[in-house]
Structure formats: C-alpha cells, structure tokens
Amino acid sequence: MNFRLSLFVIGFIFTCSAQAFTLKEGLKIALENDKDIQTKNNSIEIVLDEIRSAEGLNYPVVDFMGNVQKERLTGSRISANDYDRKAYDWEFILRQPLYDGRDAHYEEKLQRARYESAKYYMLESANAIALQYIEAYLNVLREKSLMEFSQESLSINQEIFAKNKVKFDKGFATRLEFERSQAKLNESIANHASQTMNYEESLITLRNFVQFDVDSATLKSPYFSMPIPRSLEEAKKEAFEVHPSVKVSDNNIHVAINEYKREQKRFHPHLDLVARYGRGDEIPGLEQQTNEYSVGLEVRYNLYNGGKDMAASQKAQKYIEEKRILSERSRQQIENRLRLAWNAFTLNDQKYPQMRTYTDSKKAVLETTMVEYDLGTADLNLLLTTQDEYIISKKAMIATQRDLLLAKYRIREAIGDVVERLMLSDDVLHETQHTRGLADFVEKSLHVKHSEALLEPELLKWNKTESKEKQVASLDQPDTKKLN
C-alpha cells in the first residue's frame with residue numbers, strides 16, 4: 001500500500017468477502033478512492049518538501065565558478081605587446097548565513113504549521129466524505145426495506161383483490177368495490193416499481209464511493225457503538241477540542257503569525273560569512289599560476305525601498321486578523337452543524353419508539369380488519385383505509401429508524417472524529433478508552449513533530465480581548481528564549 005493510502009487506512013488491511021460488506025470496510029475503500037483526499041495527501045507531501053527546503057536555509061551555500069578562454073592580440077604598435085595565449089581561472093565561494101533577521105527560523109516554523117494545517121485539512125475532508133458515504137450506505141438499507149415492504153403491500157393487495165373478486169363473482173360485492181380493489185392493486189404494482197427504481201438509484205450512489213457494484217444482500221446493518229455525549233454542551237466542548245476544522249483554523253493563525261514575523265527580516269541587516277579560494281593564470285604574460293584566498297564578513301542592510309517593506313508588514317498584520325475571524329467562523333459553523341445533528345437525534349430518539357408502537361398497532365388493526373372482512377363484518381372501504389394507515393405508519397417508521405441512526409453519525413461528524421471512531425469501532429474502541437485519533441496515527445507514520453509542540457504562546461495572545469496594536473507590538477518583540 002502506497003504512502004497516500006496508508007494515511008487513511010492507518011494500518012488496516014482491507015478484506016472484502018462475498019459474505020459481508022460492512023460500513024467500516026466500505027469507508028476504507030471510499031477514502032482510498034476519493035480524488036479530493038488523494039489531492040490533499042499530495043499537498044501534505046509538498047509541504048514536507050517545503051519543510052526540508054526551509055531547513056536548508058540554515059546551511060552554508062557553496063558555489064563553484066570557472067573560466068577557460070583563449071586570448072589573442074595582434075597589430076599593436078609595439079609587436080612585443082602582441083600575444084596569443086590561453087587563460088583559465090576557477091573559484092570556490094562559501095557563504096554561511098550568520099544572521100538573516102530570523103528568516104530561516106520563521107520560514108521553517110511557518111512550513112511546519114502549514115503541514116499541521118494540511119494534515120487536519122485532509123482529516124476535515126475525510127470526515128465530510130465519511131458522512132456522505134454513511135448516508136449513502138444507510139439510504140441503500142432504507143430503500144431496500146421500503147422495497148421489501150412495497151412487496152409486502154403488493155401481496156396484501158393481491159390477496160384483497162382475489163377475495164373481492166370471489167365476492168363479486170358470487171354477487172356479494174358491488175362493481176365499485178371490485179374496481180376499487182383492482183385500482184388499489186394497480187397502484188401497489190406502480191408503487192413497487194417506483195420503489196425498486198429508488199433502490200437501484202441508491203445502489204448507484206453507493207457505487208460512486210466504492211467504485212464497484214455492491215450486492216445489497218452482503219450489506220450488513222451497522223451497529224452504532226460510538227459514545228454519544230450526555231449533552232449538547234458536552235458535545236460542543238469536545239468538538240472545539242478535537243475537530244479538524246478547529247485545528248486547521250488555529251494552525252492557519254500560526255502560519256499567519258510566522259509570515260508576519262518572517263516579513264520583519266526586511267527591517268534587519270543580513271550578515272554572512274564569505275570565504276573564497278581561487279586559482280588561475282590571471283597575470284597576463286606570466287607563465288605561472290596564482291592562488292587567491294579571502295575570508296570575511298558581508299553585511300547587507302536596506303535603507304530605503306519606497307515603503308514596500310512597511311506595506312508588506314501591514315499586510316501581514318491584516319492577514320493574522322483575517323485568520324482569526326475565519327477561526328471564529330469555523331467554530332460557529334461547527335456549533336450550528338452540531339445543534340442541527342443534536343436536534344435530529346433528540347427528536348428521532350423520542351419519535352422512533354412511538355412510531356414502532358404505532359406501526360405495530362396499525363398492523364394488528366389491519367390483520368383484524370382482514371379477518372372481519374372475510375367474515376363480512378367489515379367492508380372494503382374500511383379495509384383499504386386501514387391498509388393505507390398501516391402503509392403510511394410503516395414507511396414513517398422505516399424513515400425514522402434511518403434518520404435516528406444517521407443523526408448519531410452526524411453528531412460524531414460534527415464533533416470531528418467519525419472516521420477515527422468508525423475505524424476503531426467494535427472490539428477496538430471502548431467508551432472508556434482514550435485515543436488521540438487518526439491524526440496521531442498519521443503523525444507516527446510520518447515521524448514529524450506534533451502540532452501541540454509547535455504552537456507557541458503568541459498564538460494564544462492573538463485574541464479579540466486585546467487591541468490589534470498591542471498584539472502586533474507583542475509580536476514585534478518576541479521572547480527569544482521561547483523561539484529558539
């Protein structure tokens with residue numbers, strides 16, 4: 001398995017048998033096949049290359065220059081001055097940065113923060129895709145149940161029509177009753193055909209995630225074993241701690257801060273150690289080689305460039321503020337999604353037991369009405385009305401059952417760990433078990449320092465309780481002990 005896929009499968013080996021196709025197995029395939037995930041994987045690798053490039057700014061640069069040429073001079077007034085000779089020279093130049101305004105330091109920190117952001121951005125997409133896949137999976141199960149129920153309803157209408165036809169042939173039923181039973185049968189046939197089409201379309205939607213035809217007979221109804229927070233506030237607190245969108249936003253602030261600090265290099269001198277060694281026959285007319293050595297310090301300091309440096313610094317300050325606003329927006333969006341999911345869970349959790357009891361009672365009424373219809377104590381109108389009520393209640397119960405299960409997954413998606421929880425479900429993850437998540441598995445596979453060690457106190461300073469000027473001033477004078 002290549003590097004891209006290993007980020008998501010995190011050590012799980014996919015095995016698909018003809019006997020079972022679970023929600024968990026399908027999710028692994030869906031993540032492996034998704035092109036958006038693959039693109040973000042590639043972005044992570046690019047940032048890792050940028051980190052290595054930033055680390056190279058601390059090392060010396062060695063250049064080689066050489067020159068070989070043929071020189072000839074004729075027609076001078078003094079013939080002794082004419083010459084025809086070959087000349088060559090070469091030189092090694094070593095340049096070691098001693099002070100670059102901390103450009104290399106902040107460039108490396110910036111790229112590491114970008115790596116953290118890219119990693120959690122990938123996890124953010126994985127959670128969103130996981131919810132879409134879960135919804136498609138549950139839709140297949142729902143449509144299959146509705147199709148099976150439409151077949152059951154069709155069988156009931158066939159039975160009603162057969163009984164009514166016998167009564168009509170014997171003169172115990174009117175033509176209107178016969179026509180109504182036949183029309184109800186035709187309606188049931190059309191409904192079954194329509195439901196079969198909906199079922200086939202749901203399979204096509206699921207195929208879009210796994211990229212192969214799925215036999216619905218192999219689909220297993222998922223058992224939801226993930227913990228649900230005890231309250232909305234508890235769920236919101238957990239989401240703000242672990243959600244990838246929050247991690248992305250916070251790391252983007254960190255990126256902006258380091259970009260701002262990197263821009264301050266424009267206001268600092270650059271000091272390099274420069275060493276040269278050259279050799280050649282640079283003295284015209286002498287058949288001997290020369291050697292040149294030099295070691296010294298080179299200082300570069302820009303005094304004026306038309307205000308470009310100040311404009312770049314102010315732009316970087318506004319960029320930090322922009323990322324802070326986007327971070328607040330991410331938290332608002334997470335809270336809104338969580339509230340919607342929690343509301344759906346609460347309502348359907350209360351509704352489903354009632355719908356199941358209601359459907360069972362309607363089924364009992366239908367069965368009793370069928371018996372009384374055979375005995376002649378109930379007419380066709382009552383029987384068809386009772387059947388319609390049972391059909392409506394049964395469809396509503398199937399939809400509620402699916403909505404309740406989906407709402408639970410929506411809560412975990414809104415918290416931000418539905419992929420992690422589903423990958424570690426069943427016998428691996430327990431409610432009391434502590435796990436740092438899929439991101440840490442990715443982290444271990446990459447052997448790259450975790451984000452918590454990279455985020456510095458100045459990120460926490462950047463909040464709306466202080467004025468922008470005071471915050472920028474605190475960044476202008478960083479604590480060198482903390483930054484080293």
Side-chain angles (χ1 to χ4, degrees), residues 135-207 213-217 219 221 344 347-348 350-406:
E135 186 172 2
Y137 189 99
L138 297 181
N139 280 345
V140 172
L141 297 178
R142 180 191 64 180
E143 297 300 334
K144 182 181 179 181
S145 297
L146 290 175
M147 183 183 67
E148 292 172 348
F149 177 66
S150 68
Q151 179 61 53
E152 176 188 343
S153 178
L154 175 59
S155 299
I156 293 175
N157 278 287
Q158 289 173 339
E159 182 182 355
I160 293 175
F161 175 76
K163 291 179 178 180
N164 191 262
K165 187 175 186 305
V166 171
K167 287 187 176 184
F168 177 73
D169 292 339
K170 293 182 179 180
F172 295 109
T174 65
R175 175 165 292 278
L176 177 60
E177 291 178 329
F178 175 76
E179 294 293 344
R180 283 196 63 191
S181 63
Q182 188 174 40
K184 194 66 177 179
L185 175 62
N186 293 333
E187 179 186 355
S188 182
I189 294 173
N191 288 339
H192 180 65
S194 176
Q195 188 56 54
T196 302
M197 184 180 300
N198 293 339
Y199 166 70
E200 295 294 337
E201 289 179 353
S202 68
L203 285 174
I204 294 174
T205 302
L206 182 61
R207 188 191 188 284
D213 293 327
V214 179
D215 183 3
S216 64
L219 294 181
S221 298
L347 294 179
N348 286 290
Q350 297 172 354
K351 180 181 177 182
Y352 178 66
Q354 300 171 356
M355 288 300 305
R356 186 170 55 184
T357 302
Y358 178 68
T359 302
D360 291 341
S361 64
K362 283 298 180 182
K363 184 178 181 180
V365 171
L366 176 61
E367 292 172 348
T368 303
T369 306
M370 287 281 288
V371 173
E372 294 191 0
Y373 178 75
D374 293 339
L375 297 175
T377 57
D379 58 13
L380 179 65
N381 183 59
L382 177 61
L383 177 60
L384 295 180
T385 300
T386 305
Q387 184 197 18
D388 287 341
E389 292 175 350
Y390 171 64
I391 291 174
I392 293 173
S393 64
K394 183 64 177 289
K395 287 183 176 180
M397 186 195 72
I398 293 174
T400 303
Q401 184 182 26
R402 175 262 185 188
D403 292 342
L404 175 59
L405 185 56
L406 179 60

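Side chains are part of it too, since the values below use all heavy atoms of this structure and drop only hydrogens, waters and symmetry mates. Throughout, numbering of the chain's residues begins at 1 and tracks the sequence. Treat the numbers as computed from the prediction; the structure is a model and nothing was measured.
The closest side-chain heavy-atom distance from M197 to E201 is below 4.5 Å. Between I156 and L366 the shortest side-chain heavy-atom distance falls below 4.5 Å. Put simply, the side chain of K394 reaches to within 4.5 Å of the side chain of E152, judged on heavy atoms. Residues L203 and R207 have side chains not in contact (no heavy-atom distance under 4.5 Å, counting atoms from C-beta outward). By the 4.5 Å heavy-atom criterion applied to side chains, K170 and K167 are not counted as neighbours.
With rounding to the nearest 0.5 Å, the separation of OG in S202 from CE in M147 is 8.5 Å. Rounding to the nearest 0.5 Å gives a distance of 11.0 Å between CG of N157 and OG of S150. In this structure, OH in Y373 is found 11.0 Å from CG in N381, a value given to the nearest 0.5 Å. From L383, atom CG reaches atom CG of D374 across 8.5 Å, with rounding to the nearest 0.5 Å. Going from atom OG1 of T386 over to atom NZ of K362 covers 7.0 Å, rounded to the nearest 0.5 Å. In this structure, CE in M397 is found 5.0 Å from OH in Y352, a value given to the nearest 0.5 Å.
Aromatic rings of Y390 and Y358 (six-membered ring for Trp) have centroids beyond the 6.0 Å cut-off, not under it.
For S393 against M355, the heavy-atom pair with the smallest separation is O-CE, 3.6 Å. In plain terms, the two heavy atoms of R142 and A399 that are nearest each other are CD-CA, 4.5 Å. Closest approach of L146 and I398 over heavy atoms only: CD2-CD1, 3.8 Å. Shortest non-hydrogen contact noted between T205 and A136 is CG2-CB, 4.1 Å. Between K163 and M370 the shortest heavy-atom distance is NZ-CE, 3.9 Å. Shown here for L380 and E177, the closest heavy-atom pair between the two residues is CD2-O, 3.0 Å.
Judged purely by atom type and a 3.5 angstrom limit, S155 uses its side chain to pair as donor or acceptor with the backbone of Q151. Checking side-chain atoms of S188 against main-chain N and O of K184 turns up no donor-acceptor pair under 3.5 Å. Judged purely by atom type and a 3.5 angstrom limit, T377 uses its side chain to pair as donor or acceptor with the backbone of E372. The closest donor-acceptor contact from the side chain of K144 to the backbone of S216 lies under 3.5 Å. The backbone N or O of N191 lies less than 3.5 Å from no partner atom in the side chain of S194, so there is not a single donor-acceptor pair. A donor-acceptor pair is defined here as one N or O able to donate and one able to accept, closer than 3.5 Å; no such pair exists between the side chain of S153 and the backbone of F149. No donor-acceptor pair closer than 3.5 Å links the side chain of E179 to the backbone N or O of L176.
Ion pairing of D169 with K165 is present here, as a side-chain N (NZ or NE/NH1/NH2) and a carboxylate O approach within less than 4.0 Å. Between K351 and D403, none of the side-chain N atoms (NZ, or NE/NH1/NH2) sits under 4.0 Å from a carboxylate O, so this pair counts as no salt bridge.
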Worked verdict on R402 versus E135 for salt bridge (charged side-chain N to carboxylate O under 4.0 Å, His left out): CA-CA 9 Å; R402 175 262 185 188; E135 186 172 2; 3.5 Å; yes
Evaluate the side chain to side chain contact (heavy atoms under 4.5 Å, CB included) criterion for residues N348 and L405: first the C-alpha distance (whole Å), next the side-chain angles of each, then the deciding distance (0.1 Å), finally the verdict. CA-CA 9 Å; N348 286 290; L405 185 56; over 6 Å; no
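Checked by atom type, the side-chain pair R180/N164 shows no donor-acceptor distance below 3.5 Å.
In this structure, F178 and F168 have parallel ring planes: the angle between them is below the 30° cut-off, well short of the 60° mark.
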